[in-house]
Number of protein chains: 2
Amino acid sequence: MTGAAVVDVVLADDHPVVRTGLRAVLEAEPDVRVVAEVGSAEELLARLRGGLRADVVLLDLQFGPGRLGGVDAVREIVATDGPAVLVVTTYDADADILAAVEAGARGYLLKDAPTHELVAAVRAAAAGEVALGPAVQRRLLGRLRSPGTALTARELEVLALVAEGRTNDEIAHALFLSRATVKTHLVHVYDKLGAPSRTAAVAEARRRGLLRG
Amino acid sequence: MTGAAVVDVVLADDHPVVRTGLRAVLEAEPDVRVVAEVGSAEELLARLRGGLRADVVLLDLQFGPGRLGGVDAVREIVATDGPAVLVVTTYDADADILAAVEAGARGYLLKDAPTHELVAAVRAAAAGEVALGPAVQRRLLGRLRSPGTALTARELEVLALVAEGRTNDEIAHALFLSRATVKTHLVHVYDKLGAPSRTAAVAEARRRGLLRG
DNA sequence: GCCGGCATCGTCCGAACGGTCGATGCCCGG
DNA sequence: CCGGGCATCGACCGTTCGGACGATGCCGGC
C-alpha cells in the first residue's frame, strides 16, 4: 500500500443509497478517505485503468443484469495487481463466497454487517490482511466441518437440471444415464439437503447458494 | 399527515449501511426529518404501537430469515391506520410488488433508484399520493398490456409456494384452499408459462423475473 | 341482462415421482 | 487387502402430480 496513514477507498455499488451510506460510515473515520464512487463493474475497471489510485475497493458482487459480474471484476483487478478488493454484498451464498475468494478477493462482508466491522475490514484489507465477516467465517467453517453433507459434482449436475425443470427421463438422456441412476442421485441429494421432493431440494439448494440465481 | 411542512420519516431496514445512506440522503432535504431507525419489522411495529408518530415509513421487504416478513408489517400498519408505507427493496419481482401493493403499500421503489426519486417518493407518499418507481411502473404496465398471459395475483401466490418446495396439499392448507383449487391455479400457470411441470414453471417464472431470486 | 374472466371445488385416471430394497464396479486410504 | 465413498443400474410399490372433464359463484363491461 502507499505506506501513508490514510486509506484511500473506492466504492463500487450500483445502489446510490448504499454508496451514500458507505461513504458516510467511512468518512466518519479520520484515517479513511473515499476517493471515488462508481456504479458498475465496467466503470470501476475503466477508472482503475485510467490511473485511479486506491488502497481498497469496496465491491458489490451484484450489479444489474447484462453487465459484467462482480466476480469478473475481482479477477481482473487482482490480475492487474490493483488495489485490495473487499467484497461487500447482500448474500451469504456459498457459491458467491467461494467464487469471490477464489478470484482473489481480500475479504468478504455482508451488507447487514455493523459499521464497526466494515471499518475494521477496510483497515485490515489495506494492511494486507484478510478480512472475512463473522457470518462468512461461520459459513466456511461449516463447510469444513461437514464434508459428508456437501453434494458431489454429479449430484449437483443432476440437481441443476432439475432446477431447470427437466424431468428425470430428460436428465437421464442429457447425462447419458438411466432413470434409476438419476433417481439414486436425487435420493442422495434429498438426504443431504433434508428435502422431501425435487422442488424442495431446488429451493433449499438456492437458499444455501448451491445453485446460481 | 401532520399538516406541518416537515415530513417525519421512519427507516426500517436490517442493513445499517443502507439506513445510514437513506438517512444521509433524506436529511439533506430541509423538509424531511428522520425520526427513527429500526432494524426489523417487529421493532417497527413495536415502536409504532409504543406511540411513535411519523408520516412515512421507508420499509425494506426483506429481513433476515425467521423473522416477520415485510409484507406482514405493511398489512399490520395499514390495518392500524398507521403512517404511509413506502416499500424500498432490492428486487423488482412481480410477486413482491403485487403482494406489497395489495397489502396497502403507498409506494414501491427499488434500492438502485437515484436519490432524487427517493426523495420525491417520500414527499408524494406524505402528501397521500401513490409513488411507484419507473422500473416498477414499467412492470405493472407490462402486465396490463398482456392480460391474458400474465399470472393473476392468486396464481403467483400459489407459484411462489411451489417455488419454496411446498406440496399441493401444504399449499392448500397454507392458503385455506382445497387441493383441487391449487391444482386448477397451477394448470393455468402451466398454460400461461408454457411449462409442463411445477419445477419447469418455477424455472420459467424465475427466468421471467416473476419470482424473486 | 348476459358473457367472460377469476376463484373456488369435485372426480377420474395415467404418468411421473419418491422410498426401499437390491446389485456391480471403481478407486482411494488405512 | 479390505472397507467405504462414489457412480452406475434394476425392480417394486405407494403417493403425488398433471390432464381432462365438469360445476358453482362473483364481479365487471358491453
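Just so it is clear: chains get the letters A, B, ... in the order the sequence lines come, proteins before strands, and each one is counted from 1. Computed from heavy atoms alone, side chains included, the values below leave out hydrogens, waters and symmetry copies.
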Just grab all the side-chain hydrogen bond (donor to acceptor under 3.5 Å, both in side chains) pairs involving residues 112-127 of chain B, residues at least two apart or on different chains.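 Residue pairs passing side-chain hydrogen bond (donor to acceptor under 3.5 Å, both in side chains), neighbours aside: Glu29(B)-Arg123(B), Asp31(B)-Arg123(B).
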
Does Tyr190(B) put a side-chain nitrogen or oxygen below 4.0 Å from OP1 or OP2 of dG18(D)? yes

So, does Ser197(B) get its side chain near the phosphate of dC17(D), meaning an N or O under 4.0 Å from OP1 or OP2?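 Checking dC17(D) against Ser197(B), no side-chain N or O comes under 4.0 Å of OP1 or OP2.
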
Kindly write out the residues that satisfy side-chain hydrogen bond (donor to acceptor under 3.5 Å, both in side chains) with [X], not counting sequence neighbours, or none if the list is empty.
X	value
Arg75(B)	none
Ser197(A)	Thr199(A)
Glu37(B)	Arg19(B), Arg23(B)

Quick one: salt bridge (charged side-chain N to carboxylate O under 4.0 Å, His left out) partners of [X], sequence neighbours excluded?
X	result
Glu129(B)	none
Arg166(A)	Glu164(A)
Glu204(B)	Arg207(B), Arg208(B)
Glu76(A)	Arg49(A)

Can you identify which nucleotide, out of dG18(D), dC17(D), dG18(C), has its nearest atom closest to the Leu186(B) side chain?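 Nearest listed nucleotide: dG18(D).
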
Would you please test Val158(B) and Leu186(B) for side-chain contact (heavy atoms from CB on, under 4.5 Å) and show each step? CA-CA 7 Å; Val158(B) 172; Leu186(B) 282 181; 3.8 Å; yes

In whole angstrom, what separates [X]'s [atom1] from [N]'s [atom2]?
X	N	atom1	atom2	answer
Asp191(A)	dG5(D)	CG	C1'	14 Å
Leu193(B)	dG18(D)	CG	C1'	15 Å
Lys192(A)	dG5(D)	NZ	P	10 Å
Arg198(B)	dC17(D)	CZ	C1'	7 Å

Which pairs would a plain distance check flag for residues 170-181 of chain B, meaning a side-chain donor or acceptor within less than 3.5 Å of a matching protein atom at least two apart in sequence or in another chain?
| from | atom 1 | to | atom 2 | distance (Å) |
| --- | --- | --- | --- | --- |
| Glu170(B) | OE1 | Thr167(B) | N | 3.0 |
| His173(B) | ND1 | Asp169(B) | O | 3.1 |
| Ser178(B) | OG | Ala180(B) | N | 3.3 |
| Ser178(B) | OG | Thr181(B) | N | 3.3 |
| Ser178(B) | OG | Thr181(B) | OG1 | 3.3 |
| Arg179(B) | NE | Asp169(B) | OD1 | 3.2 |

5' precedence on DNA chain C between Asn168(A) and Val187(A) (nearest-nucleotide basis):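 Between the two, 5'-proximity favours Asn168(A).
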
Working to the nearest 0.5 angstrom, can you tell me the gap between Ser40(A) OG and Asp60(A) CG? 11.5 Å

Nucleotide by nucleotide, 5' to 3', does protein get under 4.0 Å of the base (B), only the sugar-phosphate (S), or neither (-) in nucleotides 7-12 of chain C, counting heavy atoms? SBBB--

To the nearest 10°, let me know how far the axis at one end of the helix from dG1(C)-dC30(D) to dC28(C)-dG3(D) is tilted from the axis at the other, five pairs an end. 40°

Contacts to DNA chain D from residues 159-166 of chain A, heavy-atom cutoff under 4.0 Å, which residues?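 Hits under 4.0 Å, by residue number: none.
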
